[in-house]
Amino acid sequence: MAEALSPLLELRAVSRVYGHGAAAVRALDGVDLAVRAGEFVAITGPSGSGKSTVMNILGCLDRPSSGSYCFAGRPLEKAPREVLALVRRHFIGFVFQGFNLLPRTSALENVELPLVYRGLPAAERRARAQAALARVGLADRARHTVSELSGGQQQRVAIARALVSEPLVLLADEPTGNLDSKTSHEIMALLCTLNRSGLTIVLVTHEADIAAYAQRELRFVDGRIVADLARGSG
């Protein structure tokens, strides 16, 4: 029972230093952070504040130089690369500013891709990809190639691809950075809907109006959290 009550994501006294000696850069400096299941958290701050670094550690793409990182109660800071890869593949969905889709491939095939890596049978992959596209409002665009879709539709495909593995947490790094204002707010409304369905979301953004969609905002400056603010219900 205690494990069920523990944070889904937890950093304790985490620092991340790049380089050595006089050239060393301290990207994170003793960060304590906890995200509970079902939260929608925005990470904000100026360039160089540590936002992307903390997201990379939460996503098991990087390791702390010191301190600890627990995912669903399991310590990962010293886990082998193979274990980190399994955590990413099975429990974390990623959404990026640049979409990272295959342009000449259909929306359905893009969404299926994570399941190909997991070795699922073709019929199951297709059914789950169709369901994920329906969840983001693109069931009728499944056969369209990415190049035939608008920027907002492409980001919805990217979100569907992140959802198809049924992750415990969605990590979104500047997901509206390449979108116009109207489309950005449509994407944020979608993320709010997903959060209300129970999905934990951690979002990096430098835009105040985007951060305002989250229930909670963590502001970073110089590798430290300088504010932890309640921002409403999303």
Side-chain angles (χ1 to χ4, degrees), residues 3-4 6-10 35-40 52 55-63 69-147 149 153-175 187 190-191 193-195 197-204:
E3 183 175 305
S6 66
L8 178 58
L9 310 173
E10 186 174 23
V35 177
R36 298 193 176 275
E39 282 197 282
F40 188 167
S52 293
M55 186 68 98
N56 286 340
I57 291 174
L58 293 175
C60 298
L61 298 168
D62 196 5
R63 299 176 187 270
Y69 173 35
C70 288
F71 184 96
R74 270 68 172 185
L76 293 179
E77 66 274 6
K78 296 181 180 178
R81 284 181 296 177
E82 295 79 7
V83 171
L84 297 181
L86 286 172
V87 172
R88 290 194 302 269
R89 187 177 303 166
H90 291 274
F91 302 113
I92 302 175
F94 295 93
V95 178
F96 300 101
Q97 177 176 343
F99 311 153
N100 295 346
L101 301 172
L102 302 175
R104 296 182 180 86
T105 303
S106 72
L108 186 68
E109 289 166 320
N110 270 277
V111 175
E112 281 187 61
L113 199 55
L115 305 181
V116 173
Y117 295 138
R118 288 175 60 171
L120 269 64
E124 182 178 352
R125 292 199 310 263
R126 185 142 303 188
R128 288 177 59 168
Q130 289 275 16
L133 284 168
R135 196 173 177 189
V136 301
L138 284 183
D140 61 340
R141 295 290 188 271
R143 303 293 177 181
H144 287 65
T145 63
V146 167
S147 60
L149 302 176
Q153 289 171 334
Q154 289 183 39
Q155 190 61 293
R156 286 175 181 266
V157 172
I159 293 169
R161 182 185 58 192
L163 295 175
V164 77
S165 296
E166 300 178 355
L168 293 180
V169 59
L170 182 70
L171 301 181
D173 193 354
E174 300 280 6
I187 291 298
L190 171 60
L191 293 180
T193 298
L194 294 171
N195 175 248
S197 75
L199 182 64
T200 305
I201 300 176
V202 180
L203 165 82
V204 163

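For the pair Val169 and Leu58, the minimum side-chain heavy-atom distance is 4.5 Å or more. Looking only at side-chain heavy atoms (C-beta outward), Thr105 and Val146 stay at 4.5 Å or farther from each other. Side-chain atoms of Leu149 and Arg156, non-hydrogen and from C-beta on, never get closer than 4.5 Å to each other. The shortest side-chain heavy-atom distance between Leu115 and Ser165 falls under the 4.5 Å cut-off. Leu138 is listed as a side-chain neighbour of Gln153, based on a closest heavy-atom distance under 4.5 Å. Residues Leu168 and Phe71 form a side-chain contact, since some pair of their non-hydrogen atoms from C-beta on lies under 4.5 Å apart. Using a 4.5 Å heavy-atom cutoff, the side chains of Val87 and Arg74 are not in contact. Between Leu8 and Val35, the closest side-chain pair of non-hydrogen atoms is not below 4.5 Å.
Remark: side-chain polar atoms of Arg88 are paired, donor with acceptor, to backbone N or O of Cys60 under 3.5 angstrom. Listed for the Asp173 side chain is no donor-acceptor partner under 3.5 Å among the backbone atoms of Val95. Side-chain atoms of Arg63 come within 3.5 Å of backbone atoms of Ala79 as a donor-acceptor pair (strictly under, hydrogens ignored). Looking at Gln130, its side chain never comes within 3.5 Å of a backbone N or O of Arg125 through a donor-acceptor pair. Judged purely by atom type and a 3.5 angstrom limit, Glu39 has no side-chain atom pairing as donor or acceptor with the backbone of Thr200.
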Item checked: side chain to side chain contact (heavy atoms under 4.5 Å, CB included) evaluation trace for Arg161 with Val157 -> CA-CA 6 Å; Arg161 182 185 58 192; Val157 172; 5.5 Å; no

Note to self: For Leu86 and Phe91: C-alpha separation, side-chain torsions, deciding distance, then whether side chain to side chain contact (heavy atoms under 4.5 Å, CB included) applies.
What the structure shows: CA-CA 8 Å; Leu86 286 172; Phe91 302 113; over 6 Å; no

Note to self: I'd like to know whether Leu190 forms a side chain to side chain contact (heavy atoms under 4.5 Å, CB included) with Leu194, so could you lay out the CA-CA distance, the side-chain angles of the two residues, the decisive distance to 0.1 Å, and finally the verdict.
What the structure shows: CA-CA 6 Å; Leu190 171 60; Leu194 294 171; 4.3 Å; yes

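The nearest pair of heavy atoms linking Gly93 to Pro167 is N-CB, 3.4 Å. Across all their heavy atoms, Leu102 and Asn110 have their closest contact at N-OD1, 2.8 Å. Heavy-atom minimum distance, Arg135 versus Leu163: CD-CD1, 4.1 Å. Considering all non-hydrogen atoms of both residues, Pro114 and Val164 come closest at CG-CG1, 4.1 Å. The two residues Gly38 and Asn195 make their nearest non-hydrogen contact at O-ND2, 3.1 Å. The two residues Gly73 and Pro75 come nearest to each other via the heavy atoms O-CD, 3.8 Å.
Distance check: Leu84 CG to Glu77 CD gives 10.0 Å after rounding to the nearest 0.5 Å. Taken to the nearest 0.5 Å, the CG atom of Leu9 stands 7.0 Å off from the CG atom of Leu171. The CG atom of Leu170 sits 5.5 Å away from atom CG of Leu199, with the distance rounded to the nearest 0.5 Å. Summarising the geometry, atom CG belonging to Leu61 is positioned 11.0 Å from atom OG belonging to Ser52; distances are rounded to the nearest 0.5 Å. To the nearest 0.5 Å, atoms CZ (Phe94) and CD1 (Ile159) are separated by 15.0 Å.
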